[in-house]
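Accompanying notes for the structure given below.
Every number for a ligand or one of its atoms is a count from 1 in the order of the listing.
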Amino acid sequence: MASSTLISDTQPWKDLKDHVEDIKKTHLRDLLSNEERSKSMTVEFDGILLDYSRQQATLETTEKLFKLAEAASLKQKINQMYNGEHINSTENRAVLHVALRAPRDAVIESDGKNVVPDVWNVLDKIKEFSERVRSGSWVGATGKELKDVAAIGIGGSFLGPLFVHTALQTEPEAIESARGRTLRFLANVDPIDVAKTITGLNPETTLVVVVSKTFTTAETMLNARTLREWIISALGPSAVAKHMVAVSTNLALVEKFGIDPNNAFAFWDWVGGRYSVCSAVGEFPLSLQYGFSVVEKFLKGASSIDQHMHSEPFESNIPVLLGLLSVWNVSFLGYPARAILPYTQALEKFAPHIQQVSMESNGKGVSIDGVPLPFEAGEIDFGEPETNGQHSFYQLIHQGRVIPCDFIGVVKSQQPVYLKGEVVSNHDELMSNFFAQPDALAYGKTPEQLQNENVAPHLVSHKTFTGNRPSVSLLLPSLNAYNVGQLLAIYEHRIAVEGFIWGINSFDQWGVELGKSLATQVRKQLNAFRTKGEPIQGFNFSATTMITRYLQASADVPADPPTTLPQI
Ligand SMILES: O=P(O)(O)OC[C@H]1O[C@](O)(CO)[C@@H](O)[C@@H]1O
């Protein structure tokens with residue numbers, strides 16, 4: 001274990017700690033009356049507007065945060081990431097998701113090799129293969145076109161692609177290019193998810209894409225074997241070659257599974273699972289559904305933010321500002337959560353994706369050198385598309401705990417609706433809430449205001465809003481593939497910035513291992529009980545009782561059952 005300095009031991013960290021007292025004396029109501037301050041807290045880049053004037057921060061706070069960035073060597077760490085250094089030190093890997101969306105002529109090196117040509121070889125192969133499937137020149141075992149895709153994968157091999165797919169499903173250009181096609185995702189090992197995925201699909205017209213970086217993830221491999229059985233039982237074993245393809249870094253295991261490695265799409269160990277949506281993990285299924293040209297726009301949007309993140313001074317660098325402010329909220333103001341509130345249904349799956357990117361990256365208890373952190377790192381992320389959340393958890397956000405909020409709005413709706421005679425269009429109605437909520441949180445409502453409104457005295461405290469609740473607002477010009485790419489990259493980089501400041505490794509995930517290995521022990525015992533009647537042993541009283549109860553109550557499950565697939 002090394003003994004490098006923790007960021008909390010540095011003077012800028014201590015200065016910020018002291019500064020909290022000054023900030024506690026302020027109220028957003030007053031801070032927002034300073035127009036100069038507000039003006040300097042808006043940033044615009046490539047059509048995106050960030051307004052962070054509703055943060056509990058003054059210009060002094062941001063100055064101090066920039067000093068903290070300096071103490072954390074933020075610039076050097078960003079450069080190390082872009083230069084392909086092995087910043088994921090516990091796995092001895094580079095972190096180069098930026099190379100996945102770099103222009104064809106860019107040079108990004110990892111271990112002395114420019115990786116961009118490899119990236120584009122795979123992208124070209126994705127383009128070529130998806131065009132063959134989409135044009136009907138690659139057909140299934142019975143000669144029928146493959147109109148439907150079932151992508152099997154979990155975690156980073158699922159959440160990012162699902163978020164992008166959901167965002168594009170209602171986008172006019174994407175709708176046109178996806179006409180007549182279906183893309184579904186199978187993630188959960190729960191057989192109900194298998195049933196939901198294959199319901200209404202015909203094996204004859206379905207292409208199954210197995211997406212797994214390692215090709216060993218228990219859930220994904222069982223689901224892959226299940227859909228292989230679904231194909232084989234309908235079309236025979238030889239159909240697998242036509243109906244199953246893969247995305248993985250482990251091409252040897254792909255072949256062992258029975259998928260022709262020529263029909264596999266590679267990526268590399270320098271792509272973290274949760275940062276892999278721009279690799280074949282997302283690009284291949286999305287390209288099958290929407291065509292490569294749509295996917296390429298998504299990559300270009302992400303690339304634009306990559307360049308901004310790399311070269312823009314911190315004062316106007318959107319991901320850096322967002323990252324620093326998150327650290328301020330979590331580590332100094334003591335707000336452990338963050339609500340992600342997109343005012344567009346198309347971003348329905350954005351918060352679930354960011355939950356993994358953020359919580360798997362920054363949910364760490366030790367520094368990158370293995371030193372226990374004397375402060376909390378990471379955020380609890382949650383969110384809903386609005387205005388649904390307003391009718392669900394906003395009560396707590398307004399009058400209960402303080403939860404810093406990300407308001408994400410879009411200028412032009414993907415699907416505008418105008419009704420003659422209505423006061424505003426449907427999108428204006430939605431956006432009225434986007435503009436109102438941040439101020440409601442910031443200003444609140446005082447007892448004096450309520451008294452002036454003649455509110456009954458016994459209700460005044462119930463109707464009081466303390467305000468002073470921080471948020472940031474991001475306004476996107478529209479939500480096409482390009483903007484979706486921008487949004488993804490902003491959050492990926494913001495989360496990396498937070499980790500760089502906290503001095504943790506945001507690119508490993510050892511915390512997911514323990515539960516997996518305990519499940520392996522349970523799996524063995526379930527099998528031993530069902531096949532040989534062996535008693536449950538090696539667990540504590542609680543687990544033994546629960547497992548035994550489960551097994552006894554499902555004793556009708558045969559020891560060696562015939563293959564059974566969902567019947568819906
Ligand atoms: O792509 P794979 O190797 O199947 O892994 C899936 C997911 O499992 C994890 O390792 C742990 O949940 C994630 O980091 C990863 O995205």
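Counting heavy atoms closer than 4.0 Å to ligand 1, residue Thr214 contributes atoms from both its backbone and its side chain.
Summarising the geometry of Val247 relative to Val281, their closest heavy-atom pair is CG1-N, 3.5 Å, with the distance given to 0.1 Å.
For Tyr491 and His353, the distance between ring centers is not under 6.0 angstrom. Checked against the 6.0 Å centroid criterion, the rings of Phe129 and Phe265 qualify as a close aromatic pair.
Protein heavy atom at the shortest distance from atom 11 (C) of ligand 1 is Val512 CG2, 3.6 Å. Among protein heavy atoms, the minimum distance from atom 10 (O) of ligand 1 is reached at Lys516 NZ, 3.9 Å. The shortest contact between atom 2 (P) of ligand 1 and any protein heavy atom is with Thr217 OG1, 3.2 Å. If you check which protein heavy atom lies closest to atom 15 (C) of ligand 1, you get Gly156 N, 3.9 Å. Among all non-hydrogen protein atoms, the one lying nearest atom 13 (C) of ligand 1 is Glu360 OE2, 3.4 Å.
Near Ile154, with a cut-off below 4.0 Å to any heavy atom, the atoms of ligand 1 are 6 (C), 7 (C).
Ring geometry, His165 versus Tyr290: the interplanar angle falls from 30° to 60°, so the pair is classed tilted. Taking the six-membered ring where the residue is Trp, Phe257 and Phe215 present perpendicular rings, their angle passing 60° and hence far from 30°.
For a threshold of 3.5 Å applied to N or O pairs, the pair formed by Gln509 and ligand 1 contains no separation below that value. Residue-to-ligand polar distances keep Gly273 apart from ligand 1: every N/O pair is separated by 3.5 Å or more.
Panel note: side chain Ser130, backbone Lys127; a donor-acceptor pair is recorded below 3.5 Å.
Using a non-hydrogen distance threshold of 4.0 Å, Gln356 registers as a contact of ligand 1.
In summary, of the residues considered (Val357, Leu322, Ile490, Asp381), a side chain to side chain contact (heavy atoms under 4.5 Å, CB included) with Ile495 occurs for Val357 alone.
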